[in-house]
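Beneath this line is the structure, given in structure tokens, with notes to follow.
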Number of protein chains: 2
Amino acid sequence: MGSTIYDIARKAGVSIATVSRVLNESDRVSADTRLAVLNAAESLGYHPHTSARNLARRKSDVVSAVIPMMTNLFFAEVLRGLQDRLVESDYQLIVHSARTLDEVDSQLERALNRGQSDGVLLFSSPIENGRARQLAQSGLPVVLVDSFHPDLDSVTTDNRLGGEMATQHLIDLGCKRIALVMANPKSRPSVDRRDGFLRIMKTAGLELPPDFIVSSEDPLHHGYSEISGRQAMESLFKRGKVPDGVFATSDVQALGVIRAIQDAGLRVPDDIRVIGFDDMVVSRYVGLSTLRQPRYEIGSTAIDKLMARIDQSSRPVSHTLFVPHLIERHTTTRSGAAAILGSFNEFLPGVTTAEVQADVSGNGPGKAR
Amino acid sequence: MGSTIYDIARKAGVSIATVSRVLNESDRVSADTRLAVLNAAESLGYHPHTSARNLARRKSDVVSAVIPMMTNLFFAEVLRGLQDRLVESDYQLIVHSARTLDEVDSQLERALNRGQSDGVLLFSSPIENGRARQLAQSGLPVVLVDSFHPDLDSVTTDNRLGGEMATQHLIDLGCKRIALVMANPKSRPSVDRRDGFLRIMKTAGLELPPDFIVSSEDPLHHGYSEISGRQAMESLFKRGKVPDGVFATSDVQALGVIRAIQDAGLRVPDDIRVIGFDDMVVSRYVGLSTLRQPRYEIGSTAIDKLMARIDQSSRPVSHTLFVPHLIERHTTTRSGAAAILGSFNEFLPGVTTAEVQADVSGNGPGKAR
DNA sequence: ACCGCCGATGTAAGCGCTTTCATGTCATCA
DNA sequence: TGATGACATGAAAGCGCTTACATCGGCGGT
């Protein structure tokens with residue numbers, strides 16, 4: 001209930017140093033004393049005191065993750081990737097979740113306290129210079145996930161490329177008037193996806209009517225929400241703009257977009273094609289086309305990187321960029337195919353059996369059979 | 001980068017005791033010294049050393065949550081409830097996730113280390129006596145979430161009642177041959193839901209053919225998986241059993257059940273009605289009827305309870321039981337209505353606008369309008 | 001029998017902070 | 001003017017652990 005190594009030492013008739021040695025399985029201790037100590041510890045129900053140990057060792061075996069909870073699902077999935085690696089590695093995870101971009105600052109501040117953790121994973125947050133300096137000054141190993149700064153290790157999806165792929169896909173489908181529904185313009189991933197969009201639109205020589213880019217100012221979830229996507233679309237309609245394709249910078253927003261389209265009496269994909277980004281679990285069921293991020297891999301890669309830097313702080317900075325994967329589903333099919341899929345899969349429109357199976361086993365897109 | 005209160009003390013020309021006082025905003029310190037200390041700290045980029053502070057104070061301001069990651073979504077949502085309370089309270093969260101029931105033990109062991117956290121939230125795990133003793137012996141405050149033991153604080157959904165409600169609902173719909181698809185029989189919630197099911201079946205005087213209860217032995221996610229639901233249903237079909245209603249003890253499993261039914265060339269709800277449990281985010285989109293657990297409230301209530309016990313360890317044990325809420329959607333409609341809904345909501349079958357909105361704002365079931 | 005060495009163990013100095021208690025300094029009151 | 005606090009500050013003792021460094025037998029070698 002509160003026994004210390006002193007208690008064990010007394011009970012086993014040795015010094016605390018010996019107890020410590022036994023408990024850390026480190027130095028050579030005679031078999032007899034080892035046994036005696038182990039027995040004493042057992043019978044006392046000894047649990048080491050983490051803070052004391054960390055203080056003495058200058059190591060906490062904890063990593064902290066600062067996560068703006070934009071999208072629950074994105075978050076949950078990446079976290080799983082983290083955990084699977086973490087469990088094996090004897091590290092523990094402290095989660096600092098921020099509800100808004102502003103909260104990120106205070107949570108980061110806490111994560112940077114010395115002795116609390118051996119490294120920090122910073123998610124989806126813009127790194128302006130102040131922050132970069134703050135991170136550097138703290139001296140703590142940091143890995144950016146889903147954002148970028150030249151001086152810091154990072155692992156991200158190639159959001160710009162993803163934006164290009166999404167846009168190209170809509171164009172290939174014959175869309176001419178494509179609208180972009182963005183999240184909060186402060187959110188780096190959203191901005192990158194936009195840049196990809198712009199680039200392809202320009203390359204394709206497609207006209208981009210004013211107001212065809214709508215962004216959300218909603219600080220909550222950084223605009224990555226169903227409601228924000230819906231409002232964006234409604235505001236388009238209100239101004240009399242009707243695109244024939246929409247690229248939403250996230251799946252959650254895409255869901256809102258679809259809802260607004262349906263409420264306006266139009267149909268997806270017949271009147272308006274819609275594509276999102278992320279490939280949330282839900283997207284499969286809804287038949288939403290999207291760009292899949294390898295979230296699980298992102299998580300585990302981030303951990304690997306962080307551990308590597310903890311071990312060797314001088315190692316060169318590295319950036320890992322995952323290529324997103326285009327998932328074509330119902331919301332971007334040509335009309336004919338859509339009808340067939342729709343009736344075949346009454347409940348899981350646009351999902352093939354193979355895909356469901358693949359997702360369950362967690363191995364990326366399954367082979368059609 | 002690694003400055004201590006000694007550095008600050010030297011720079012400000014005071015003793016470390018004074019520095020500590022200033023930093024803890026506690027005792028009275030003259031305005032001048034306070035300012036001097038604060039400046040010194042600022043200019044040194046001081047961050048307190050958490051372990052040292054915790055050791056001295058005998059308090060860590062951390063709570064740990066031991067979570068078997070059965071269902072990502074369930075987990076994610078409850079975690080949000082936790083976090084929202086936590087952020088306000090200056091506490092931090094350590095997540096110990098377990099992939100299997102066995103891993104729970106080792107994770108719990110770690111969570112029980114002294115000095116690591118001030119309290120533990122133990123999720124969805126069976127508490128046999130060994131474990132109960134272990135928890136008691138550790139002396140750490142513990143709150144059970146989604147499981148029960150008379151001697152420990154807990155907050156759960158009334159799973160038995162939920163099982164009753166689900167079963168009664170199927171019966172009200174005219175089902176006569178109802179099958180039960182369970183998760184791992186070691187999972188307490190699943191067992192409780194089964195008990196509710198059995199009770200109503202008995203009360204209603206309905207015959208329960210042998211083999212109409214199928215459970216999963218899959219340790220991964222405790223059988224709370226799409227694949228497990230699917231296999232359960234397939235095994236029923238293989239033995240030539242065709243129920244007219246299925247109660248799955250979780251939504252993920254229900255999704256697998258639906259898939260299997262469709263693969264067998266049958267239709268939901270026309271041939272077989274299906275109801276799940278949890279009300280995951282996905283369920284809304286799929287049109288799955290279910291019993292909603294107030295996950296968010298569960299999370300925040302659990303935190304409140306834990307904090308209360310941390311403050312006063314002698315307080316009486318209390319159990320909070322949330323009543324689940326029946327959500328009727330497509331999978332349990334009578335056939336006529338189903339057709340209408342199905343065509344109206346091509347993408348979001350069985351979802352009304354009001355519901356989507358309610359869920360976005362996070363306020364439970366919305367009023368129909 | 002003496003020296004040196006090695007393996008097993010103990011001693012004690014921190015790790016960076018909080019906190020009690022003692023000390024010192026004034027303003028206050030009789 | 002000296003006793004009396006009130007208040008600001010410092011000295012020092014931990015918190016429970018790790019880890020150099022010192023110590024102590026006993027061993028083989030000569």
Side-chain angles (χ1 to χ4, degrees), chain A residues 1-38 40-41 44-62 110 112-118 138-140, chain B residues 1-38 40-41 44-62 110 112-118 138-140:
Chain A
M1 172 127 158
S3 48
T4 72
I5 53 172
Y6 286 89
D7 300 322
I8 300 182
R10 202 176 315 120
K11 187 152 191 167
V14 298
S15 78
I16 59 162
T18 302
V19 174
S20 176
R21 287 191 191 102
V22 172
L23 261 25
N24 292 304
E25 320 179 358
S26 63
D27 274 294
R28 46 278 144 90
V29 180
S30 79
D32 304 356
T33 25
R34 152 162 284 119
L35 206 65
V37 168
L38 254 21
L44 287 171
Y46 174 77
H47 277 270
H49 191 291
T50 315
S51 298
R53 157 181 287 224
N54 292 348
L55 179 57
R57 284 194 172 158
R58 276 136 256 233
K59 183 97 165 59
S60 66
D61 292 340
V62 167
R110 296 168 68 175
L112 255 26
N113 280 346
R114 288 169 311 137
Q116 165 102 284
S117 65
D118 297 336
S138 82
L140 263 189
Chain B
M1 173 134 157
S3 47
T4 71
I5 53 172
Y6 287 88
D7 300 323
I8 299 182
R10 201 174 317 121
K11 187 152 189 167
V14 298
S15 78
I16 58 162
T18 302
V19 174
S20 177
R21 288 193 190 100
V22 172
L23 261 25
N24 292 303
E25 322 180 356
S26 62
D27 275 296
R28 42 281 145 89
V29 180
S30 78
D32 302 357
T33 24
R34 150 161 286 118
L35 205 65
V37 169
L38 255 21
L44 286 170
Y46 173 78
H47 277 270
H49 191 289
T50 315
S51 297
R53 156 181 287 227
N54 293 347
L55 180 57
R57 281 196 174 158
R58 273 138 261 226
K59 182 99 166 59
S60 66
D61 293 340
V62 167
R110 296 168 70 175
L112 255 26
N113 279 346
R114 289 170 309 139
Q116 164 103 282
S117 65
D118 297 337
S138 83
L140 264 188

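Order of the sequence lines sets the chain letters (A, B, ...), proteins ahead of strands, with each chain counted from 1. Fair warning: this is a prediction, and the values are worked out from it, not measured in the lab.
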Checklist entry - Separation of D61(A) atom CG from dC17(D) atom C1', in whole Å? => result 14 Å
Next on the checklist: Is the phosphate of dG10(C) approached by S15(A) (side-chain N or O, under 4.0 Å from OP1 or OP2)?
Outcome noted: yes
Next on the checklist: Is R53(A) close enough to dT18(D) that one of its side-chain N or O atoms is under 4.0 Å from OP1 or OP2 there?
Outcome noted: yes
N/O to N/O distances under 3.5 Å, protein versus nucleotides 19-25 of chain D:
unit_1, atom_1, unit_2, atom_2, d
dA20(D), N6, R21(A), NH2, 3.4

Item to check | Residue pair V29(B) / R34(B): nearest heavy atoms and the distance that separates them | outcome: O-NH1, 3.9 Å
Checklist entry - Does Y46(A) have a side-chain nitrogen or oxygen under 4.0 Å from the phosphate oxygens OP1 or OP2 of dC17(D)? => result yes
Checklist outcome for this item: Rounded to whole Å, CG of D7(A) lies from C1' of dC17(D) at a distance of 13 Å
Next on the checklist: Rounding to an integer number of Å, can you tell me how far I5(A) CD1 sits from dG10(C) C1'?
Outcome noted: 13 Å
Checklist entry - Mind checking whether V62(A) and D118(A) have side chains closer than 4.5 Å, heavy atoms only? => result no
Under 3.5 Å between N/O atoms: give me all the protein pairs with nucleotides 22-27 of chain C, atom names plus distance.
none

Next on the checklist: How many whole angstroms separate atom CG of N54(B) from atom P of dG16(D)?
Outcome noted: 13 Å
Next on the checklist: Side chains of Y6(B) and K11(B), heavy atoms from C-beta outward: is any pair under 4.5 Å?
Outcome noted: no
Checklist entry - How close do S60(A) and Q116(A) get, heavy atom to heavy atom, and via which atoms? => result OG-O, 3.5 Å
Item to check | Between CG on residue N54(A) and NE2 on residue H49(B), distance to nearest 0.5 Å | outcome: 8.0 Å
Checklist entry - So does R58(B) get a side-chain nitrogen or oxygen closer than 4.0 Å to the phosphate oxygens (OP1/OP2) of dG16(D)? => result no
Checklist entry - So do R10(A) and D7(A) actually touch side chain to side chain, heavy atoms under 4.5 Å? => result yes
Checklist entry - How would you label the contact of S51(B) with the nucleic acid (heavy atoms, under 4.0 Å): base, sugar-phosphate, or nothing? => result nothing
Item to check | Rounded distance in Å - CG (L23(B)) to P (dC17(C)) | outcome: 8 Å
Next on the checklist: Looking at every heavy atom in both Y46(B) and I5(B), which two are closest together, and how far apart are they?
Outcome noted: OH-CG2, 3.5 Å
Checklist entry - Is the closest side-chain heavy-atom distance between L23(A) and P48(A) below 4.5 Å? => result no
Checklist entry - Got a salt bridge between D61(A) and K59(A), using NZ or NE/NH1/NH2 to carboxylate O under 4.0 Å? => result yes
Checklist entry - Which of the following nucleotides, dT9(C), dC17(D), dC17(C), is nearest to the side chain of H49(B)? => result dC17(C)
Item to check | Gap between atoms CG and C1', on L55(A) and dA13(C) respectively (whole Å) | outcome: 13 Å
Item to check | Separation of atom CG in L44(B) from atom P in dG16(C), rounded to whole Å | outcome: 14 Å
Item to check | Earlier contact from the 5' end, DNA chain C, for V14(A) and Y6(A) | outcome: V14(A)
Checklist entry - Are side-chain heavy atoms of L55(B) and S51(B) found at a separation under 4.5 Å? => result no
Item to check | Euclidean distance, atom CG of residue L35(B) to atom P of dA8(D) [Å, nearest integer] | outcome: 15 Å
Next on the checklist: From C-beta outward on S30(B), which listed nucleotide comes closest to its side chain: dC17(C), dT9(D), dC15(D)?
Outcome noted: dT9(D)
